[in-house]
Structures are given as C-alpha cells and as structure tokens.
S.K.: 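Quick one: structure below, then a few questions.
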Protein chains: 2
Amino acid sequence: MPAPTSAPADPIGASAMPRRRVGRPAAAVLDQDGITTAALQLIGKSGYDGFTMAALARTLNVAPSALYNHVSSKRDVLVLVQDHLTSFVDVTAFEAGPWEQAVRDWAWSYRDVFSKHTPLIPVIAVLPVADAPKTLAMYEAVSAGFSRAGFPQERIIPAIVAFESFIFGSAYDATAPADIFDSGTMAEATPHFTSAVRRQAEDTHEKPADAAFRLGLEALLTGLGALRAA
Amino acid sequence: MPAPTSAPADPIGASAMPRRRVGRPAAAVLDQDGITTAALQLIGKSGYDGFTMAALARTLNVAPSALYNHVSSKRDVLVLVQDHLTSFVDVTAFEAGPWEQAVRDWAWSYRDVFSKHTPLIPVIAVLPVADAPKTLAMYEAVSAGFSRAGFPQERIIPAIVAFESFIFGSAYDATAPADIFDSGTMAEATPHFTSAVRRQAEDTHEKPADAAFRLGLEALLTGLGALRAA
DNA sequence: CCACTAAATGAATGTCGTTCATTTAGAATG
DNA sequence: CATTCTAAATGAACGACATTCATTTAGTGG
C-alpha cells in the first residue's frame, strides 16, 4: 500500500482543527489519529473478522473502554478508517490533462483501495460527506475536474454518483471467488449462461473482474463524457 | 411487496428437488421454505437489526436451536432470502422485445428490490451462483437476452457483471440520506463541489438517486450496446 | 410392537459492543 | 507548594448474539 501523498492530501486543511482544548493532561495515550492508524494496521493483519474493539485496545495497550473517550462507537472507528483510506485514492490527474484519463486513474485506484476493504462500503455509501473531511476533499477535486472538462453544473453530481456506484459494486466483484459462475449440477438447465461463462473463460487473459470493470468504465466514460459542452 | 410471479418464476425447476429423504417423521414443523418466508416477513417488520435467529425462531414458535436442523448458519438464511428475492426481479422483457428496454426493466426492478435489502448485497455479490438456484435462473434469462440481442459470446458475462456492479452500488445510493452531500462548515473550502450540489438540487425534479441511476444506466446502455453485432 | 431417526428442546458457551462508577495524574489557580 | 479541576484510563458488569450439544420427543418402516 502506497504512502499517503504528502502534498495533494488534505487540501482543505481539515485535519488541522483544534482538538485539544488548552492542555490539562498532556500525557494522552490515545487520540483519533492513533486509533485510526492502529485500526488500519490491525485490519491489515487480522482482517475485518479479527477487528474487535478489544483487539484494537490491546494493540494500543489500553483497556477497551478507554477507546470510548475518543470515539463513540465501533462504527465511528470505521468512519475514521474509511476517511483515511480515501486519501490513497488518486485524484491528481483532475488538476490537468484530459478528463478521460483522470477518471480512469481515479476510478481504478478508488476500486483497488476499497476492494481490500469491502466491509467499509456500506459505511461509505451512506455517510454524510461532512463527517469525512478527506472524502469531501476528494469530491472537491473530482468536481473541479468535471467542471473544467465542460460538464453542465447540474449534471456533475449525478455523473460522479453514477461512477461511484459502479466503483463500489465493482469493488465487491473484485473479491468474488474465481468460480462464482460455476453452475454446477444445473449446467445443462442453463445453456446460454453456461456457454457464455465458458466462452469468457477461454477468451480473456486478464482477471474477469478487471475485464468487467474496464468494459463498464469505458462505457460510462463514453456515455457520460457526451454530456460535456462542445 | 408483490407476490412472486407465478409463471416466469423458477423456470429451471430448481425448487422441485427431493429434499425430504423418504419420509420418517411427517410432522415436520420446519423446512427451508417456511424459514425463508418467515425470515422475509420478519425483516419486513423489524428490519435487519431486528432480524435475529432468536426472533426468527419466535415467529415460528420454535426454539432457536431448532433452526440449525435446517440451515447451518444465519448466513445460510440470508442466502435463502436473497435467492427468494431474486424471483421478484423482472426478466420477462428479455424473452422478446428490444434489448434496451429489457435491460431497463431488469435493472430498475433489480435495484428497487435490493435497495430495500442492502445488507444482502455483500452476500449476493460474492455468492457462487450454484448456491442460489433462482439467481442462476435470472442469469440464464439475462444471458439468453444478451445472446439474442447479438452480443459476442465472450462479452456477455463481463457486460452483465458491469450492469450488476452498477446496480448494487446504486442500491446503496438509493438508501442514502437526502442531505448526504451537505458539506456543512466546509462549504467555502469546497467551492466546486458545493456549487455543483446546489445546482443539482435546483435542477432535478426526480429523486437525486434516481437521476444518477438513470444517467448511469443510459450511459451503460449506449456504451455496452455498441458491442452488439450489426 | 419395536427400533430407528429426523427433529425439537433447553441449557450452556463464548464473543461482542458498550456502559458506568471509580481512580489516576497532569495542569492551572491562588 | 498545596489545592482543585478535569480529561482520560480502568475494570467490572451487562445484554445481545450466534452457535453447540446432550437429551428428549414422536412418527414410521420393519
């Protein structure tokens, strides 16, 4: 996993907010950044099944209940992790260069980041952007890119949402077992499907999930790109 | 919620398999169909939070442990529910009529069914089709339609997967809170995004999630439809 | 009528997230 | 320097849960 891009990350300065009041007890063992980092590490090591408030506390050498002085629920921790992960999504190409390539870079990196974290998708997908500053920053960069590319203002958000929906669904698909389309004993009852599955397996040399993502992404690029002003 | 379409449902006869051995004790209180129906009812009444093995057993007047004679886990119940719900997805238009309209009917009904059951999406998205006969039947109908429409065989599965990924992601989006894009105190730090959100709110008369779904779906129809043979 | 067996029972287990009264230890105040 | 304030950590406890298992129940074939 790449390090967070130092310059482009957090362009709206969201993380520089006054969290500590003035400074009564300076020896704080815990804070949200530390919790986020430890959570990400734990998830990387143990997966989302092993990700437990107790396990998280253990890696921080702290009692589980201590976490609740800094986050209000486990879901809160997941939101922090999600927002942090979003800073790994590549939006640099929206600042300059052609719109198509910027969307490609963004979409592929977005899918790749969250295909390793699909349990977060139900969280992200319905999370108000105001609760996730880095995610908001991503939207600003993408919106600016769409605007610069000549999209009518009222179509920018729907177009981004369409891309994003496709990306989230594709992130799941990328984690599906390779034999997901094996029809087993039903094969002769589903001739069209079974034959299509076989023909695809013979044809493609890239991972099936990647082929589907590429196909859908290029279709969206063509279809939505047509909304731009000439 | 509509009743299962009697004729088009279960076209491969998946549900008519010999489940009962020969017939020792005929007074079985429980079976998979009964569990599925009760689960769907319970979910409709109490949502997925209230959906508990204990609660499910209570509606069936049975001890929780009795369920484990018929399903091996809670996830198993969710798989049964998911497969049952799939029979509500409309694939009738794939049998005749233009491909575009068939995909529209299919995609909108697919999204509508699962936007009321988003907790199932992580289950469906990675579930081998052999474990879900009705879902397999849906794929057969859709594959046949794509084939009839002139798609090259090796592109049928990737195209369906692309549509489906978009549909799953959009199902989440359809359940997002209306003010999800409210940037709050960050508004002036995200001018492009904030302005785009405002312009969209002024413009559209349909639900934002519906506008995004329509836009993306039509783009995919155009882009993927171009793969068909002339 | 007996033996077999699928199915239901109810108690028990272990894992969680979360709460809360209490303690701890720096920092500010006078 | 002593007192006071308070954020933060503690540890015990709770209430849900899914799941297991030894035991019981009750039809059915032989």
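Below, chain A is the first sequence line, B the second, and so on; all start at residue 1. Keep in mind that what you see is a predicted model, and the values were worked out from it rather than measured.
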S.K.: side-chain contact (heavy atoms from CB on, under 4.5 Å) with A:A39: which residues, sequence neighbours excluded?
M.R.: A:F51, A:L56, A:V77, A:V81
S.K.: Mind calculating the distance between OH (B:Y48) and P (D:dC17) to the nearest angstrom?
M.R.: 16 Å
S.K.: Tell me the side chain to side chain donor-acceptor pair (under 3.5 Å) pairs involving residues 35-56 of chain B, sequence neighbours left out?
M.R.: B:Y48-B:H117
S.K.: Suppose we screen for side-chain contact (heavy atoms from CB on, under 4.5 Å). Which residues come up paired with B:A201, at least two apart in sequence or across chains?
M.R.: none
S.K.: Using OP1 and OP2 only, check whether a side-chain N or O of A:H70 sits under 4.0 Å from D:dA7.
M.R.: no
S.K.: Measure the spacing between CD1 of A:I156 and CG of A:L224 and express it to the nearest 0.5 Å.
M.R.: 12.5 Å
S.K.: Round to a whole Å and report the spacing from CD1 of A:I35 to P of D:dA8.
M.R.: 10 Å
S.K.: Salt bridge between B:D90 and B:R104, side-chain N to carboxylate O under 4.0 Å?
M.R.: no
S.K.: Taking CZ from B:R58 and P from C:dA8, how many angstroms apart are they, rounded to a whole number?
M.R.: 18 Å
S.K.: Report the nucleotide, chosen from D:dG11, D:dT19, C:dT18, that has the shortest atom-to-atom distance to any side-chain atom of A:A63.
M.R.: D:dG11
S.K.: Starting at CG of B:D49 and ending at C1' of C:dT18, how long is that distance when rounded to a whole Å?
M.R.: 15 Å
S.K.: For B:L60 and C:dA7, what is the distance between atoms CG and P respectively, to the nearest whole Å?
M.R.: 15 Å
S.K.: Toward the 5' end of DNA chain C, which comes first, A:G50 or A:S72, by nearest nucleotide?
M.R.: A:G50
S.K.: Specify the separation, in whole Å, of atom CE of A:M53 and atom P of D:dA9.
M.R.: 13 Å
S.K.: Which atoms of nucleotides 11-15 of chain C (N or O only) lie under 3.5 Å from a protein N or O atom, and what are those distances?
M.R.:
none

S.K.: A:N69 side chain: which of D:dT10, D:dA18, C:dT18 is closest?
M.R.: D:dT10
S.K.: Round to the nearest Å and state the distance from B:K74 atom NZ to D:dC17 atom C1'.
M.R.: 8 Å
S.K.: Among the candidates D:dT10, C:dT18, C:dT9, find the nucleotide nearest to the side-chain atoms of A:V62.
M.R.: D:dT10
S.K.: Could you give the OH-to-P distance, from A:Y68 to D:dT10, as a whole number of Å?
M.R.: 15 Å
S.K.: Please collect all side chain to side chain donor-acceptor pair (under 3.5 Å) contacts where either partner lies in residues 163-177 of chain B, sequence neighbours excluded, each pair once.
M.R.: A:Y172-B:Y172, B:Y110-B:E164, B:Y139-B:E164
S.K.: Applying salt bridge (charged side-chain N to carboxylate O under 4.0 Å, His left out), can you list everything that pairs with A:E206, at least two apart in sequence or on another chain?
M.R.: A:R214
S.K.: Compare the minimum distances between each of C:dA8, C:dG17, D:dT19 and the side chain of B:A66, then state the nucleotide with the smallest one.
M.R.: C:dA8
